[in-house]
Amino acid sequence: MRLTCLFIADTEEKGRAVFTNEPIAAGTIIESSPVIVMSADERKLLDQTLLHDYIFEWGPKHDECALALGWISIYNHSYSSNAEYFMDFDSSMMMIKTVHKISAGEEITINYNGEWNDEKKVWFDVKG
């Protein structure tokens with residue numbers, strides 16, 4: 001499930017990004033998607049590829065990883081994001097939910113640290 005108002009467009013600084021062409025209220029689930037769960041050994045292999053930047057730590061002990069299907073891996077990082085992600089380990093699903101009202105034309109971002117306003121440094125130089 002993904003809201004029909006969402007679209008992907010290129011940005012100058014961050015590459016592809018997810019935007020909305022309609023306002024979205026705070027607290028709205030805008031996407032839910034299945035994930036492909038992989039073991040710690042498989043993650044070691046993925047970490048040697050471009051997919052490293054598109055997988056999420058997975059499981060209660062963070063000892064697995066997951067590749068989200070749908071557009072979840074396209075949302076860019078922000079330390080003060082306007083959405084956040086949730087993981088349902090039992091059903092192997094991820095959801096994106098807004099934390100603020102989002103205006104039409106606005107990029108939708110998540111914080112890769114898990115909490116929407118977590119300022120812990122991520123593994124890459126943040127742009128924009």
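We use all heavy atoms of the structure for the numbers below, so side chains are in, but hydrogens, waters and symmetry mates are not. For this chain, numbers begin at 1 and follow the sequence in order.
Side-chain contact between I30 and T98: present, with at least one pair of heavy atoms (C-beta onward) separated by less than 4.5 Å. With a 4.5 Å cut-off on side-chain heavy atoms, N76 and E107 count as touching. You'll find the side chain of C65 stays beyond 4.5 Å of the side chain of F56, heavy atoms only. You'll find the side chain of R16 stays beyond 4.5 Å of the side chain of W71, heavy atoms only. In this structure, R43 and E57 have side chains that are in contact, with non-hydrogen atoms separated by less than 4.5 Å. Considering only heavy atoms from C-beta on, T20 stays 4.5 Å or farther from L3 through its side chain. A 4.5 Å side-chain heavy-atom check between I110 and S78 finds every atom pair outside the cut-off. With a 4.5 Å cut-off on side-chain heavy atoms, V18 and T109 do not count as touching.
The two atoms that bring S73 and A68 nearest to each other are OG-O, 3.7 Å, heavy atoms only. Nearest heavy-atom pair, K101 versus P23, reported as atom, atom and distance to 0.1 Å: CE-CB, 4.4 Å. Residues L6 and R2 come closest through the heavy atom pair CD1-CG, 3.5 Å.
Checked against the 6.0 Å centroid criterion, the rings of Y85 and Y75 do not qualify as a close aromatic pair.
Aromatic ring pairs are classed by plane angle as parallel below 30°, tilted from 30° to 60° and perpendicular above 60°; the pair F19 and F7 is parallel.
Taken to the nearest 0.5 Å, the CG atom of D53 stands 9.0 Å off from the CG atom of L51. With values rounded to the nearest 0.5 angstrom, E22 atom CD is found 14.0 Å from E106 atom CD. Rounding to the nearest 0.5 angstrom, the gap separating the CG atom in N21 from the CD1 atom in I24 is 8.5 Å. With values rounded to the nearest 0.5 angstrom, K97 atom NZ is found 14.0 Å from N82 atom CG. With rounding to the nearest 0.5 Å, the separation of OG in S92 from CE in M87 is 11.5 Å. Atom-to-atom distance recorded for M94:CE and D88:CG is 11.0 Å, nearest 0.5 angstrom.
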TODO: Give the intermediate values and the outcome of side chain to side chain contact (heavy atoms under 4.5 Å, CB included) for residues M93 and S32.
DONE: CA-CA 7 Å; M93 295 286 291; S32 62; 4.2 Å; yes
- [ ] Go through Y79 and H77 one step at a time and tell me if the ring pair (Phe, Tyr, Trp, His ring centres under 6.0 Å) criterion holds.
- [x] CA-CA 7 Å; Y79 287 116; H77 168 78; 4.5 Å; yes
Open item on the list: Does M38 form a side chain to side chain contact (heavy atoms under 4.5 Å, CB included) with L67? I'd like the steps, not just the answer.
Closed with: CA-CA 8 Å; M38 292 160 277; L67 177 65; 3.8 Å; yes
Task: Stepwise side chain to side chain contact (heavy atoms under 4.5 Å, CB included) check, I72 with V35 - done: CA-CA 10 Å; I72 290 180; V35 301; over 6 Å; no
TODO: Quick one: do M1 and I29 satisfy side chain to side chain contact (heavy atoms under 4.5 Å, CB included)? Show the steps, please.
DONE: CA-CA 9 Å; M1 182 288 301; I29 294 177; 3.8 Å; yes
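Comment: D47 does not engage K44 in a salt bridge, judged by the lack of any side-chain N to carboxylate O separation of less than 4.0 angstrom.
Between N111 and E84, the side chains place no donor N or O within less than 3.5 Å of an acceptor N or O (distance only, hydrogens not considered).
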